[in-house]
Number of protein chains: 2
Amino acid sequence: MPQTKPIVSIENVVASASVDQKIDLIEITKKFPDTEYHPEQFPGLVFRLKTPRTATLIFRTGKMVCTGAKSEDLAVKAVRTVVQKLRKGGIKIKKDAVIVVQNIVASINLGGKIHLEQAARTLPRSMYEPEQFPGLIHRMLDPKTVILLFASGKLVCTGAKKEPDVYRSVHNLHTLLEEKGLMIYDE
Amino acid sequence: MPQTKPIVSIENVVASASVDQKIDLIEITKKFPDTEYHPEQFPGLVFRLKTPRTATLIFRTGKMVCTGAKSEDLAVKAVRTVVQKLRKGGIKIKKDAVIVVQNIVASINLGGKIHLEQAARTLPRSMYEPEQFPGLIHRMLDPKTVILLFASGKLVCTGAKKEPDVYRSVHNLHTLLEEKGLMIYDE
DNA sequence: TGTATATATAAAGGGGCTTTTAAATGACCG
DNA sequence: CGGTCATTTAAAAGCCCCTTTATATATACA
């Protein structure tokens, strides 16, 4: 059992969606002048929402990508809101969007410092090149996620498909770090 | 009517084909050690034939690209020969290939010199940058082909989908050059 | 305060890769 | 001095990488 209770914060949820029909992006541009669309640079139109504060990329094919939500539910609500706004703006969309959460990013504070140099030598599937990036990159197999470890005891977990995976990943790593004596707690 | 009869030679025919089924390229490699397959460099396997002298790219999807044939018929024969050899080699291919000629390259000699500098200023849709490439690049609209013109009176016609397009392109250009007084014939 | 470095993830469009071929011109090598 | 190499054009195939969006983390660099 880990000595501290990690503080976990979901920072970003990415979800893909599809309304299963072609969409005229130029038309959206006219109805929503605040959207960004530069096809020569990127094929997706950027539709930003204040609440939930997100950015949704809309493609010609009717597929979308929503980023920036703080939870799985908020990501779903953001997509539903975008479709609702498009419809109110006169964009004809027959079906409701089918949404799938693709990635969850979380920041964690373990409450104690990590001996990174030693962890780099001990943890399997780890990469640590401080002159390239200050964090140690660790690939967890189950759940299949990637965790960035910092000497401060803070972590970044990414790659999770559902929120429980984040908690399991953090618990697995925390336990492993303590077992190997890689955690340094102030008294 | 042009004063000379151009000498036209079909130099290269490119055709795409499909046997409409997945193919195991590694298996072909084992049965045909002389083939080239470097997936990290390019996804297609190169299958060369001595007769007709061609190189056929074979993809995992069952689609192929045959290059180097000297006529449309030879391109078709080359693909049929490749499929026949694969079958004799034990590679199971159910359907016969559906072949489509995609490009024909021909070399031409008009029999007189061309005033390139003047042609560059006279011909529409032309590009001529001698320090970059010695030929003048001219885009013909009908047939939709591209012709490279050289001061020697020789040409390269590419982009044609069928042989008659090559002859029509050459005739159109030759007539145009004579009308504008851009041809220079000896005596 | 910005830039970059690194992680994951979807979307779609662009570019590059390889193969073939002629033409003519320059650079480069032994 | 002669070979190679590059230059340019078209075309298909499919795979890689990049583009963009968001986000925490922490370093170095202007």
Side-chain angles (χ1 to χ4, degrees), chain A residues 9-18 36 38-44 46 48 54-61 63-70 100-108 127 129-135 137 145-152 154-161, chain B residues 9-18 36 38-44 46 48 54-61 63-70 100-108 127 130-135 137 139 145-152 154-161:
Chain A
S9 176
I10 302 296
E11 304 287 356
N12 180 29
V13 173
V14 178
S16 60
S18 177
E36 296 168 30
H38 308 292
E40 70 292 338
Q41 189 183 16
F42 188 70
V46 184
R48 289 169 206 282
T54 51
T56 297
L57 308 180
I58 304 177
F59 300 88
R60 180 189 54 77
T61 59
K63 292 197 175 183
M64 308 178 181
V65 172
C66 176
T67 68
K70 293 299 183 187
V100 178
V101 170
Q102 300 287 356
N103 184 33
I104 296 177
V105 181
S107 61
I108 300 95
M127 275 175 32
E129 291 177 49
E131 62 277 8
Q132 190 184 20
F133 185 68
I137 300 152
T145 56
V146 170
I147 300 176
L148 309 186
L149 296 78
F150 299 89
S152 63
K154 291 187 177 179
L155 314 173
V156 168
C157 175
T158 183
K161 294 286 187 187
Chain B
S9 176
I10 302 297
E11 304 286 357
N12 178 32
V13 173
V14 178
S16 60
S18 176
E36 295 169 28
H38 307 291
E40 69 292 341
Q41 189 183 19
F42 188 70
V46 183
R48 288 170 209 280
T54 52
T56 297
L57 308 180
I58 304 177
F59 300 88
R60 180 192 53 78
T61 58
K63 292 196 175 187
M64 309 178 181
V65 171
C66 176
T67 67
K70 293 301 184 186
V100 177
V101 170
Q102 299 287 356
N103 184 32
I104 297 177
V105 181
S107 61
I108 299 94
M127 275 176 30
E131 64 278 6
Q132 190 185 18
F133 186 69
I137 299 152
R139 284 159 201 286
T145 57
V146 171
I147 300 176
L148 310 185
L149 295 79
F150 299 89
S152 64
K154 290 186 177 179
L155 315 172
V156 168
C157 174
T158 185
K161 294 285 187 186

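Please read these numbers as outputs of a predicted model, since none were measured by experiment. In the text below, chain A, chain B and the rest are named by the order of the sequence lines, each starting its count at 1.
Judged by closest nucleotide on DNA chain C, A/I137 is the one of A/P43 and A/I137 placed further toward the 5' end.
Interface remark: the B/T158 side chain does form a donor-acceptor pair with the D/dA10 base, using a distance-only criterion of under 3.5 Å.
Taking atom CZ of residue A/F42 and atom P of nucleotide C/dA11, one finds them 11 Å apart after rounding to whole Å. What separates CD of A/E40 from P of C/dG14 is a distance of 11 Å, to the nearest Å. Summarising the geometry, the separation between CZ on B/R48 and P on C/dT18 is reported as 12 Å, rounded to the nearest angstrom. Rounded to whole Å, the distance from CD1 on B/I58 to C1' on D/dC15 is 17 Å. We find that CD of A/E11 is positioned 5 Å from P of D/dA24, with the value rounded to whole Å. Summarising the geometry, the separation between CZ on B/F59 and C1' on D/dA12 is reported as 8 Å, rounded to the nearest angstrom. The distance from atom CD of A/E131 to atom P of D/dA26 is 18 Å, rounded to the nearest whole Å. To the nearest angstrom, C1' of C/dA12 lies 7 Å from CZ of A/R60.
Regarding contacts with the backbone of D/dA13, every side-chain N or O of B/S16 stays at 4.0 angstrom or more from both OP1 and OP2. Taking side-chain N and O atoms only, B/Q41 has no distance below 4.0 Å to OP1 or OP2 of C/dC17. Contact check, A/S107 against D/dT25: no side-chain N or O comes under 4.0 Å of OP1 or OP2. For C/dA6, the OP1/OP2 oxygens have a side-chain nitrogen or oxygen of A/Q132 closer than 4.0 Å.
Contact between A/N12 and A/G68 at its shortest, heavy atoms only, is OD1-N, 2.7 Å. Contact detail for B/M64 and B/T56: the closest heavy-atom pair is CB-CG2, 4.0 Å. The shortest non-hydrogen separation linking A/N103 to A/G159 is OD1-N, 2.7 Å.
In this structure, B/I137 CD1 and B/I147 CD1 are separated by 12.5 Å, a value rounded to the nearest 0.5 Å. Separating the CZ atom in A/R48 from the OG1 atom in A/T67 is a distance of 8.0 Å, to the nearest 0.5 Å.
Relative to the side chain of B/L57, the nucleotides C/dT9, C/dT19, D/dG14 differ in distance, and C/dT19 lies closest. Each of C/dT21, D/dA13, D/dA11 was ranked by its minimum atom distance to the side chain of B/K161; first place goes to D/dA11. Side-chain atoms of A/V156 lie closest to D/dT25 of the nucleotides D/dT23, D/dT25, C/dT19. Comparing C/dA8, D/dA22, D/dA10 against the side chain of B/N103 picks out D/dA10 as the nearest. Picking from D/dA22, D/dG14, C/dA23 the nucleotide with the shortest atom distance to the side chain of A/T67 gives D/dA22. Checked against C/dA11, C/dA24, C/dT9, the side chain of B/K154 finds its nearest nucleotide in C/dA24. When distances are taken from the side chain of A/P134 to each of D/dT21, C/dT18, C/dT5, the shortest belongs to C/dT5.
Residue-level contact check: B/V105 touches the bases, meaning some heavy atom is under 4.0 Å from a base atom. Nucleic acid contact class of A/S152 (heavy atoms, under 4.0 Å, all strands): sugar-phosphate only. At a threshold of 4.0 angstrom between heavy atoms, the contacts of B/T61 are confined to the sugar-phosphate backbone, with no base atom among them. At the heavy-atom level, A/V14 lies under 4.0 Å from base atoms of the strands shown.
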Let's go through A/L57 and A/V46 carefully: what are the C-alpha distance in whole Å and the side-chain angles of both, what is the deciding distance for side chain to side chain contact (heavy atoms under 4.5 Å, CB included) to 0.1 Å, and is it a yes or a no? CA-CA 5 Å; A/L57 308 180; A/V46 184; 3.8 Å; yes
